[in-house]
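I have placed the structure first, in the form of structure tokens, so that the comments after it can refer back to it.
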Amino acid sequence: MRTEQDVIRYLSDYSDFEKAVYVATFRIPYGKVSTYQKIARKIGEPDAMRAVANTLHNNPLYPIVPCWRVVRSDGGFGGEAKAAAERRERVENEGVPTADGKVLMTDDIVV
DNA sequence: CCCGTGACCGACT
DNA sequence: CAGTCGGCCACGG
């Protein structure tokens, strides 16, 4: 369970949409982040950012698939407060700059 | 097939 | 600047 192929194999029972979401997220490099909207665009479903969020919420491959590296467009972390705080810590531990509980959405860290 | 749900977004009070 | 609102969408019941 390390390569992208492993991820796809594990998700064999999931929909193509879900596979695409997890694979795209799997590609986000350490120390960087992406947004629900960008992931949606990447997989060819520009208006499905909401569905992307739902999918990541049920991430069956945590922590193989780094879902915590996906944030809202404004750099904030959604979801339940406690869980959101954990994701924020993880992101900060990877060296991503934050302020006021939000990621500083600079072009050098947002993929 | 319709309906509710939700880790969203942008525009508009 | 904090809320609200309508639009969008995959998924499960």
Side-chain angles (χ1 to χ4, degrees):
Chain A
M1 189 57 72
R2 326 175 125 293
T3 73
E4 189 171 301
Q5 288 310 310
D6 289 328
V7 172
I8 296 176
R9 208 174 307 138
Y10 183 89
L11 298 171
S12 61
D13 293 324
Y14 290 68
S15 71
D16 290 338
F17 178 84
E18 291 170 306
K19 287 194 191 75
V21 170
Y22 292 124
V23 168
T25 302
F26 182 72
R27 296 202 179 113
I28 304 174
Y30 182 98
K32 300 213 172 191
V33 301
S34 189
T35 71
Y36 298 103
Q37 187 169 71
K38 290 198 136 197
I39 295 293
R41 293 205 187 98
K42 274 178 173 287
I43 66 177
E45 290 296 333
D47 297 314
M49 62 284 270
R50 202 148 183 198
V52 168
N54 285 338
T55 300
L56 288 175
H57 178 55
N58 312 309
N59 181 11
L61 289 175
Y62 180 93
I64 306 301
V65 170
C67 57
W68 58 87
R69 293 185 191 142
V70 183
V71 301
R72 300 189 313 211
S73 292
D74 68 352
F77 299 82
E80 187 228 354
K82 191 170 186 178
E86 279 186 52
R87 290 190 290 133
R88 179 170 61 73
E89 283 184 45
R90 271 196 104 111
V91 167
E92 294 177 331
N93 286 333
E94 298 190 348
V96 175
T98 65
D100 298 315
K102 292 181 181 177
V103 172
L104 294 173
M105 304 303 274
T106 52
D107 301 302
D108 55 317
I109 68 114
V110 180
V111 176

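As a basis for the values below, the full set of heavy atoms in this structure was taken, side chains included, without hydrogen atoms, waters or symmetry mates. These figures come from a predicted structure and were not determined experimentally. To find a chain, count down the sequence lines: A is the first, B the second, and so on, and within it residues start at 1.
The salt bridge (Lys or Arg N to Asp or Glu O under 4.0 Å) pairs that include a residue from residues 86-98 of chain A are A/Arg69-A/Glu94, A/Arg88-A/Glu92, where partners are two or more places apart or lie in different chains.
Partners of A/Arg50 under the salt bridge (charged side-chain N to carboxylate O under 4.0 Å, His left out) rule, at least two apart in sequence or in another chain, do not exist in this structure.
Taken from CD in A/Glu4 to OH in A/Tyr22, the straight-line distance is 15.5 Å, to the nearest 0.5 Å. Atom CG of A/Asp47 and atom CE of A/Met49 lie 6.0 Å apart (nearest 0.5 Å). Annotation: the span from A/Thr98 atom OG1 to A/Phe77 atom CZ amounts to 7.0 Å, rounded to 0.5 Å. Separating the OG1 atom in A/Thr25 from the OH atom in A/Tyr36 is a distance of 9.5 Å, to the nearest 0.5 Å. A/Thr3 contributes atom OG1, which lies 3.5 Å from atom CG of A/Asp6 (distance to the nearest 0.5 angstrom). One finds the CD1 atom of A/Ile39 at 4.5 Å from the CD1 atom of A/Ile28 (value rounded to the nearest 0.5 Å).
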Shorter than 3.5 Å, N or O on both sides, protein versus nucleotides 11-13 of chain B: list them out with atom names.
none

Restricting both atoms to N or O, compile the protein contacts to nucleotides 1-8 of chain C shorter than 3.5 Å, with distance only.
{"residue": "C/dG7", "atom": "O6", "partner": "A/Arg50", "partner atom": "NH1", "Å": "2.8"}

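Between A/Asn58 atom CG and C/dG13 atom P there is a gap of 12 Å when expressed in whole angstrom units. If you measure from atom CE of A/Met105 to atom C1' of B/dC8, you get 13 Å, rounded to the nearest angstrom. Here C/dG12 presents its P atom at 12 Å from CG of A/Asp13, a figure rounded to the nearest Å. To the nearest angstrom, C1' of B/dC3 lies 15 Å from CG of A/Asn54. Separating the CG atom of A/Leu56 from the P atom of B/dA7 is a distance of 11 Å, rounded to the nearest angstrom. In this structure, A/Glu18 atom CD and C/dA10 atom P are separated by 11 Å, rounded to whole Å. Look at CZ on A/Arg90: it is 19 Å from P on B/dA7, rounded to the nearest Å. Between A/Lys102 atom NZ and B/dC8 atom P the separation is 13 Å, expressed in whole Å.
The stretch residues 68-84 of chain A touches DNA chain B through A/Arg72, A/Ser73, A/Gly78, A/Gly79, each having a heavy atom under 4.0 angstrom from the strand. Of the residues in residues 19-29 of chain A, none lies under 4.0 Å from DNA chain B by heavy-atom distance.
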*asked:* Run the side-chain hydrogen bond (donor to acceptor under 3.5 Å, both in side chains) test on A/Gln5 and A/Arg9 for me, step by step, so that the C-alpha distance in whole Å, both residues' side-chain angles and the decisive distance to 0.1 Å come before the verdict.
replied: CA-CA 6 Å; A/Gln5 288 310 310; A/Arg9 208 174 307 138; 5.6 Å; no

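Annotation for A/Lys19: atom NZ counts as buried by contact number, over 12 foreign heavy atoms lying within 6.0 Å. By the 6.0 Å contact criterion, CG on A/Asp100 is open, its count of non-hydrogen atoms from other residues, nucleotides or ligands being 12 or less.
Nearest heavy-atom pair, A/Leu104 versus A/Ile109, reported as atom, atom and distance to 0.1 Å: O-CD1, 3.5 Å.
Between A/Asp74 and A/Arg72, at least one side-chain nitrogen of the basic residue sits less than 4.0 Å from a carboxylate oxygen of the acidic one, meeting the salt-bridge criterion.
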